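Keep in mind that the numbers below use all heavy atoms, side chains included, and drop hydrogens, waters and symmetry copies. Residue indices begin at 1 and follow the sequence shown. No experiment lies behind these values; they were computed from the predicted model shown.
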Amino acid sequence: MDNPQVFVWPIIMIVFFGGYMLWMKSRTQSAMAGLGPAMHSFFARTGFRYAQLPPEPIEAHVHLAMQEASNYSAGNRVVHYVRNFHGLPIHFRQAYQYSGNTYSISCSWSAALAAPARIPFQIADRSLSSMGKAVREAFSNTTRVWNPKFPHTVTTGMPHIDQRFVVLGHDPAAVQWLLQQNPALVAALTQCVEVDLWVDGCDAVFSDPSQKNMTAAMGGTVGQMALGFDYGKRMDMSIPVHERMSEILALAARASQ
């Protein structure tokens, strides 16, 4: 053998990656062991349950969460929770869809209205409908689909709203009055990282497919990476976001009646 050193580096790399894979497997197993208590705490504190299961026992919901977390196979799936928020059923849906070479995520909170909305409206960040959005998407491999729900643009007369958001409705004067009369709703919306809220004839919906609000609550992308496999902290940090979205839907539903 003329130069045995040429074999040293490949052997080192094989040992390194082998060790890394074993370490990752150990971390994953440890994380899965902590997922059960984390999900139990999340369900107990928020009141969320899987929509397709009876509300109790909570252990059945934890078991299903563990099954879903252990499923690494490709395919479409939807996580659908529901909770009772002061008498209003709040639905949380997180969907993962594959179509050919494309992959899409949708994330939303919704509540069915007790009666058709008297004042339907939509409020969304201007960045979702701007030319800048089209330019950003042209230089990336992601697309944020946004659709206006109503025909007329509304000027609210509140500079901090009109500068950041586009507001739409059937009756601009009525929508302007609604937002001016509901400062708690306006304040809650301005605390969000990204907003797309609408109230139509049947539902109040807050859509956040890019999960920007949840990501921000966990410290952004860097914070998400730092959390790693700590499911307990992840679930704890998600609860204030669910609370805010539930409150927004309750306020919006009440205001539109």
*Asks:* Could you report the tightest heavy-atom contact between Asp203 and Ala112, atom names first, then the distance?
*Replies:*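 Result for this residue pair: OD1-CA, 3.4 Å.
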*Asks:* If you look only at pairs with a residue in residues 169-192, which of them pass as a side-chain hydrogen bond (donor to acceptor under 3.5 Å, both in side chains), with sequence neighbours excluded?
*Replies:*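 Matches after skipping sequence neighbours: none remain.
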*Asks:* Look at atom NE2 of His80 and say whether more than 12 heavy atoms of other residues, nucleotides or ligands are closer to it than 6.0 Å.
*Replies:*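 Enclosed: over 12 neighbouring heavy atoms sit under 6.0 Å from NE2 of His80.
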*Asks:* Working to the nearest 0.5 angstrom, can you tell me the gap between Trp146 CH2 and Ser129 OG?
*Replies:*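 The distance works out to 4.5 Å.
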*Asks:* For a 4.5 angstrom cut-off between non-hydrogen side-chain atoms, does Cys107 reach Met214?
*Replies:*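 Counting from C-beta outward, Cys107 and Met214 never come under 4.5 Å.
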*Asks:* Give the C-alpha distance, both sets of side-chain angles, the deciding distance and a yes or no for side-chain contact (heavy atoms from CB on, under 4.5 Å) between Phe92 and Ser246.
*Replies:* CA-CA 9 Å; Phe92 171 70; Ser246 297; over 6 Å; no
*Asks:* Could you walk me through whether Leu64 and Gln52 pass the side-chain contact (heavy atoms from CB on, under 4.5 Å) check?
*Replies:* CA-CA 11 Å; Leu64 181 54; Gln52 69 270 34; 3.5 Å; yes
*Asks:* Of the non-hydrogen atoms in Gly169 and Val175, which two are nearest, and what is the gap between them?
*Replies:*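 It is CA-CG2, 4.0 Å.
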*Asks:* Any chance the rings of Phe150 and Phe121 have centres within less than 6.0 Å?
*Replies:*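 Ring-ring flag for Phe150/Phe121: false, centres at least 6.0 Å apart.
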*Asks:* Centroid separation under 6.0 Å, is that true for the rings of Phe48 and His242?
*Replies:*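 So the answer is yes for these two rings.
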*Asks:* In terms of hydrophobic clusters joined by side-chain contacts under 4.5 Å, are Ile58 and Ile239 together?
*Replies:*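 Yes, because Ile58 and Ile239 connect within a single hydrophobic cluster, where side-chain heavy atoms sit under 4.5 Å apart.
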*Asks:* Please say yes or no: joined through hydrophobic side-chain contacts below 4.5 Å, possibly via intermediate residues, are Leu53 and Leu35 part of one cluster?
*Replies:*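 Linked, Leu53 and Leu35 end up in one cluster.
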*Asks:* Just how far is it from atom CG of Leu168 to atom CG of Asn147, taken to the nearest 0.5 Å?
*Replies:*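 Reported to 0.5 Å precision, the distance equals 11.5 Å.
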*Asks:* Has the side chain of Asn213 got a donor or acceptor atom that lies under 3.5 Å from a matching backbone atom of Glu194?
*Replies:*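 Yes, because the side chain of Asn213 sits within donor-acceptor range (under 3.5 Å) of the backbone of Glu194.
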*Asks:* Quick one about Asp200 and Gln122 (side-chain donor to acceptor, distance below 3.5 Å, no hydrogens or angles considered), yes or no?
*Replies:*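 No pair is found: no donor N or O on one side chain lies under 3.5 Å from an acceptor on the other.
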*Asks:* Once salt bridge (charged side-chain N to carboxylate O under 4.0 Å, His left out) is applied, do any residues pair with Glu243, and if so which ones, sequence neighbours excluded?
*Replies:*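 Partners of Glu243 under the salt bridge (charged side-chain N to carboxylate O under 4.0 Å, His left out) test: Arg83.
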*Asks:* When the ring planes of Tyr50 and His61 are compared, do they come out parallel, tilted or perpendicular, using 30° and 60° as the limits?
*Replies:*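 It falls in the parallel class, under 30°.
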*Asks:* We want to know whether Asp162 and Thr155 form a side-chain donor-acceptor pair, criterion being a heavy-atom distance below 3.5 angstrom.
*Replies:*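 The criterion, which ignores hydrogens and geometry beyond distance, is not satisfied for Thr155 and Asp162.
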*Asks:* Please confirm whether the backbone N or O of Glu56 pairs with a side-chain atom of Arg49, one donor and one acceptor, at under 3.5 Å?
*Replies:*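 Side chain of Arg49 to backbone of Glu56: no pair is present.
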*Asks:* Measuring from atom CZ of Arg234 to atom CZ of Phe42, what distance do you get when rounded to the nearest 0.5 angstrom?
*Replies:*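 CZ of Phe42 is found 13.5 Å from CZ of Arg234.
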*Asks:* Return yes when atom NZ of Lys149 has more than 12 non-hydrogen atoms of other residues, nucleotides or ligands closer than 6.0 Å, and no otherwise.
*Replies:*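 Correct, the count exceeds 12.
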*Asks:* Please check if any side-chain donor atom of Ser106 sits under 3.5 Å from a side-chain acceptor atom of Arg93, or the reverse.
*Replies:*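 The criterion, which ignores hydrogens and geometry beyond distance, is not satisfied for Arg93 and Ser106.
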*Asks:* Which value, rounded to the nearest 0.5 Å, describes the distance between Gln257 atom CD and Ile119 atom CD1?
*Replies:*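 Nearest 0.5 Å value for the CD-CD1 distance: 9.5 Å.
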*Asks:* Is Val167 close to Thr153 at the side-chain level, that is, under 4.5 Å between some pair of heavy atoms?
*Replies:*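 A side-chain contact under 4.5 Å is absent here.
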*Asks:* Kindly give the heavy-atom pair with the smallest separation between Val62 and Gly36, and that separation in Å.
*Replies:*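 So the minimum-distance heavy-atom pair works out to CG1-O, 3.7 Å.
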*Asks:* What pair of heavy atoms forms the shortest contact from Ala216 to Val193, and how long is it?
*Replies:*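 Looking at all heavy atoms of both residues, the closest pair is CB-CG2, 3.4 Å.
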*Asks:* Thr215 side chain to Gln211 main-chain N or O, any donor-acceptor pair under 3.5 Å?
*Replies:*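 Yes, the answer is positive, given that a donor and an acceptor are paired below the 3.5 Å cut-off.
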*Asks:* Answer yes or no: is there a side-chain heavy-atom contact under 4.5 Å between Asp196 and Asp208?
*Replies:*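 No, their side chains stay 4.5 Å or more apart.
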*Asks:* Cys192 and Met245: which non-hydrogen atoms are nearest, and at how many Å?
*Replies:*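 Closest approach of Cys192 to Met245: SG-CE, 4.2 Å.
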*Asks:* Would you call Val186 and His160 a side-chain contact if the rule is heavy atoms closer than 4.5 Å?
*Replies:*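 A side-chain contact exists here, since the closest heavy-atom pair is under 4.5 Å.
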*Asks:* Given the rule in the side-chain contact (heavy atoms from CB on, under 4.5 Å) test, do Val195 and Phe206 qualify, once you have shown the distances and angles that lead to the verdict?
*Replies:* CA-CA 7 Å; Val195 170; Phe206 192 109; 4.3 Å; yes
*Asks:* Could you tell me which non-hydrogen atom of Ala255 sits nearest to which non-hydrogen atom of Leu178, and how far apart they are?
*Replies:*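 Shortest heavy-atom separation between Ala255 and Leu178 comes out as O-CD1, 3.5 Å.
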*Asks:* Report whether Val82 and Val205 are members of the same hydrophobic cluster (ILVMFWY, side-chain heavy atoms less than 4.5 Å apart, transitive linking).
*Replies:*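 Cluster IDs for Val82 and Val205 differ.
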*Asks:* Find the distance between CD1 (Ile161) and CG (Leu189) and round it off to the nearest 0.5 Å.
*Replies:*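 Result: 7.0 Å between the selected atoms.
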*Asks:* Is there a donor-acceptor pair under 3.5 Å between the side chain of Ser256 and the backbone N or O of Ala253?
*Replies:*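 Answer holds: yes.
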*Asks:* Look up atom OG in Ser207 and atom CH2 in Trp198, then write down how far apart they are to the nearest 0.5 Å.
*Replies:*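 Answer for the OG-CH2 pair, Ser207 versus Trp198, is 4.5 Å.
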*Asks:* Yes or no on side-chain contact (heavy atoms from CB on, under 4.5 Å) for Arg126 and Gln163, after CA distance, side-chain angles and deciding distance?
*Replies:* CA-CA 8 Å; Arg126 288 189 177 277; Gln163 290 170 11; over 6 Å; no
*Asks:* Could you tell me if the side chain of Val78 sits less than 4.5 Å from the side chain of Gln94, heavy atoms only?
*Replies:*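 The answer is no; the side chains never approach within 4.5 Å.
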*Asks:* Salt bridge check: are Asp125 and Arg164 linked by an N-O gap of less than 4.0 Å?
*Replies:*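 Counted as a salt bridge, because a side-chain N and a carboxylate O are separated by less than 4.0 Å.
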